[in-house]
Amino acid sequence: MYAQCDSDGNQYILLDDIVDFRKNGDAISLSDQKTTDPRGRLYLRRTTIGWQLCCEWKDGSTSWEKLSDLKESHPVVTAEFAVCQDISHESAFNYWVPYVLKKRDRIISLVRQRKTRYLKRNQKFGIELHKTVKEALDLDLDQKNGNTLWADAIAKEMKVVRIAFDILPDGSTFPKGYEFMKCHLIFDIKMEDFRRKAQLVAGGHMTSAPATMTHASVVSRETVFLALTIAALNALGVKAADIKNAYATAPITEKVWCILGPEFGEQAARKAIIVRALYGLKSAGAAFRKHLADCMRHKGYNPCLADPDLWMQPKTRPDDGFEYYSYMLIYVDDALAIDH
């Protein structure tokens, strides 16, 4: 219910398709659309009065809605429907449909060009930024820079993520029912110390979506405010933490395999089954959330009924015997601890 309503109780539903149209006697005909103003100048009357469209919603229901509402909320979908139904010449459509479709085409054209026109970036903070492992491991480039910072960053990342791969013997085939995906390294430069960063990510777009929930919930802002207030009132300590390489610690339920890239060194080109939640997998967030919840329960913490990302455990402060709740607030891989 909370996902479908806002704070005022208004229900939000998602449009699936427009399936039909109708007009009544109030609709203006083409012959009546042209009129003259008091000065005798000819102009077109711009109105959608008298037109309704039948909408099919994501929940399977249908309803008739005013064209004026859909023109504002879903202009592209409505314009495309008018063209498909050959009603774009009608008085309620002919003054705005061509403009909307031309604007749509211009946006799509810019998006297609963005790779070369807008996203061409090979430097960051004046430091050359690589796109491939081959560029990062180029010996000539190491000699030019006088360091091996990129090679060290790759080695550090691969040391951590190797546990995510179950490498198959040479000549073996992947198990039946597993989907293929590519994995690759992405490179970045951290602003605080110009540290080189390499991270292995999975091409989750190549696999089908899991049937279960795939996202990781986070603690709410209101819960953080209340927890900090409780800590201040009871003189409790507050510490923040970041879980390094968080996703790689969690097992996954997706059945995927890949061919190892050059970053794996001598094991390159071998087949491997992915057994941990790499960044990029569709279910990585949910897998880590479940794994972290199991760890919290093992440590004696239980989730709050009002906010499942607030974990608490009754404790007693040894100095004065004060009884309180120790809190752990989880935001994906960031944690806030409130304890004595």
Kindly work out whether a path of hydrophobic side-chain contacts (I/L/V/M/F/W/Y, heavy atoms less than 4.5 Å apart) joins [X] to [Y].
X: L70; Y: W51; result: yes
X: L15; Y: V76; result: yes
X: M328; Y: L226; result: no
X: Y325; Y: F322; result: yes
X: F194; Y: F187; result: yes

Heavy atoms from other residues, nucleotides or ligands near [atom1] of [X] exceed 12 (cutoff 6.0 Å):
X: E222; atom1: CD; result: yes
X: R104; atom1: CZ; result: yes
X: Y331; atom1: OH; result: no
X: N24; atom1: CG; result: yes
X: R22; atom1: CZ; result: yes
X: K197; atom1: NZ; result: yes
X: L233; atom1: CG; result: yes

Next item on the list: Please determine if K156 and D152 form a salt bridge, counting it only when a charged side-chain N lies under 4.0 Å from a carboxylate O.
Entry: no

Checklist line | Side-chain ion pair, R317 and D319, N-O less than 4.0 Å | finding: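 No salt bridge links R317 with D319.
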
Margin query: So does V19 get a backbone contact from the side chain of D17, meaning a donor-acceptor N/O pair under 3.5 Å?
Written below: no

Item checked: Side-chain (S220) to main-chain (T223) donor-acceptor, under 3.5 angstrom ->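 Judged by distance alone, yes, a pair lies under 3.5 Å.
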
Check: Would Y324 and H340 count as a side chain to side chain contact (heavy atoms under 4.5 Å, CB included) if you check the C-alpha gap in whole Å, the side-chain angles of each, and the deciding distance to 0.1 Å?
Finding: CA-CA 9 Å; Y324 70 98; H340 69 271; 2.4 Å; yes

Shortest non-hydrogen contact from [X] to [Y]?
X: Y247; Y: V332; value: OH-CG1, 3.7 Å
X: D339; Y: S326; value: OD2-OG, 2.6 Å
X: A268; Y: P262; value: CB-CA, 4.0 Å
X: F288; Y: D333; value: CE2-CA, 4.1 Å
X: V256; Y: Y178; value: N-CD2, 3.4 Å
X: W57; Y: S63; value: NE1-OG, 2.9 Å

Interatomic spacing from [atom1] in [X] to [atom2] in [Y] - rounded to 0.5 Å:
X: Q85; Y: D20; atom1: CD; atom2: CG; answer: 7.5 Å
X: I259; Y: R270; atom1: CD1; atom2: CZ; answer: 12.5 Å
X: F165; Y: L200; atom1: CZ; atom2: CG; answer: 4.5 Å
X: H74; Y: F81; atom1: NE2; atom2: CZ; answer: 14.0 Å
X: K103; Y: W96; atom1: NZ; atom2: CH2; answer: 13.0 Å

Note to self: side chain to side chain contact (heavy atoms under 4.5 Å, CB included) for L281 and M181? Distances and angles first, verdict last.
What the structure shows: CA-CA 10 Å; L281 285 173; M181 69 162 49; 3.2 Å; yes

Next item on the list: Could you please spell out the steps behind the side chain to side chain contact (heavy atoms under 4.5 Å, CB included) verdict for T48 and K66?
Entry: CA-CA 8 Å; T48 59; K66 293 180 180 179; over 6 Å; no

